[in-house]
Structures are given as C-alpha cells and as structure tokens.
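Scroll down for the structure; my scribbles are underneath it.
The structure presented is a predicted model; accordingly, all values stated were derived computationally and were not measured.
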Amino acid sequence: MQISIYKLENQSAESIDNFMDFYYGLRMHFFASDLLYNGLSPKQISDAVAKAMSVARSSKMNLKEHFKPVFSSINNDIISDCKLSRLGYGLVLMNAETKLSIVAKWQRRILEKYLNTMS
C-alpha cells in the first residue's frame with residue numbers, strides 16, 4: 001500500500017495576487033526617488049526605505065499595500081525605486097536623515113497635528 005501525504009496550503013491563486021498588487025499600486029502615488037528633489041541622496045533614501053519597511057514589518061503591516069519595488073527613469077538612467085502609499089511615504093520621511101530641513105519640518109508638522117487632536 002502506498003501512502004500519500006496531502007499538505008493543505010493556504011495560498012491565494014496567482015491571479016488574485018496579481019489583482020491585489022494592481023489594486024495596491026493604484027493607491028501608491030509617491031516614489032522614493034521623489035525625495036532626490038528635496039535634497040536626499042540615493043543612499044539616504046535607500047536607508048530610510050529600509051528602516052520604514054522594518055517598522056512596517058514590526059507593526060504587522062502588509063508591506064505590499066505600502067511599498068512596491070519598481071524601476072524608474074531619471075535623466076535617461078534606469079534606477080531601482082520604490083512606489084509608496086501615503087503611509088509608506090510618511091514612514092520613509094519619518095525614518096530619513098533628520099539633519100535635512102524637509103525631514104525635520106515634516107516630522108514637526110506631524111507631531112503638531114497629533115498634539116492638536118489630543119487637546
């Protein structure tokens with residue numbers, strides 16, 4: 001007698017995954033490379049994205065909803081980029097180099113809005 005082992009896996013069909021990736025992509029209006037125009041270097045952006053994704057993982061966020069690796073073109077060069085949701089973009093700015101005025105101003109503005117809602 002031959003014994004076969006059946007393993008039940010909880011996997012979505014590939015077409016559903018593709019649809020969800022498309023749906024999430026529709027809600028991502030920012031690119032990490034946009035921060036180049038605000039004074040961040042490619043390394044600073046890369047580090048901030050890595051930290052933001054780490055925060056997202058730690059807080060059990062679905063990374064696919066907020067971060068999507070893509071390729072972009074800047075000055076006829078192809079670069080590795082990341083498409084971001086509003087929350088993803090905010091997390092990147094929150095984890096970027098604080099010596100940059102855009103980052104410091106954004107963090108201050110977020111904190112002020114948060115404190116105003118508490119009073």
Of all heavy-atom pairs between [X] and [Y], which one has the smallest distance, and what is that distance?
{"X": "S85", "Y": "G88", "value": "OG-N, 3.0 Å"}
{"X": "E65", "Y": "Y24", "value": "CG-CE2, 3.2 Å"}
{"X": "A52", "Y": "N95", "value": "CA-ND2, 3.9 Å"}
{"X": "Q107", "Y": "M94", "value": "NE2-O, 2.9 Å"}
{"X": "D81", "Y": "A32", "value": "OD1-N, 3.4 Å"}
{"X": "V92", "Y": "A48", "value": "O-CB, 3.5 Å"}

Please determine whether a side-chain nitrogen of the Lys or Arg among D47 and K43 lies less than 4.0 Å from a carboxylate oxygen of the Asp or Glu.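 Judged by the 4.0 Å cut-off on N to carboxylate O distance, D47 and K43 do form a salt bridge.
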Can you confirm whether [X] sits close enough to [Y] that some side-chain heavy atom of one is under 4.5 Å from a side-chain heavy atom of the other?
{"X": "P42", "Y": "L36", "answer": "yes"}
{"X": "F71", "Y": "I79", "answer": "no"}
{"X": "H66", "Y": "L91", "answer": "no"}
{"X": "W106", "Y": "L100", "answer": "no"}
{"X": "L63", "Y": "R57", "answer": "yes"}
{"X": "I102", "Y": "L40", "answer": "yes"}

Taking N75 for the side chain and D77 for the main chain, is one N or O donor matched with an acceptor at less than 3.5 Å?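 No, the answer is negative, given that no donor and acceptor are paired below the 3.5 Å cut-off.
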Tell me if a side-chain donor or acceptor on D34 pairs with a main-chain N or O of F31 at a distance below 3.5 Å.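 Flag set: sc D34 to bb F31 pair under 3.5 Å.
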Output the distance between atom [atom1] ([X]) and atom [atom2] ([Y]), rounded to the nearest 0.5 Å.
{"X": "L115", "Y": "I110", "atom1": "CG", "atom2": "CD1", "value": "11.5 Å"}
{"X": "F67", "Y": "M61", "atom1": "CZ", "atom2": "CE", "value": "5.5 Å"}
{"X": "K105", "Y": "E112", "atom1": "NZ", "atom2": "CD", "value": "12.5 Å"}
{"X": "K51", "Y": "S58", "atom1": "NZ", "atom2": "OG", "value": "13.5 Å"}

Relative to the ring of F19, is the ring of F22 parallel (under 30°), tilted (30 to 60°) or perpendicular (over 60°)?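 Ring orientation, 0 to 90° scale: tilted.
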Applying side chain to side chain contact (heavy atoms under 4.5 Å, CB included), run through V103 and E97 and close with a yes or a no. CA-CA 7 Å; V103 175; E97 178 62 51; 5.8 Å; no
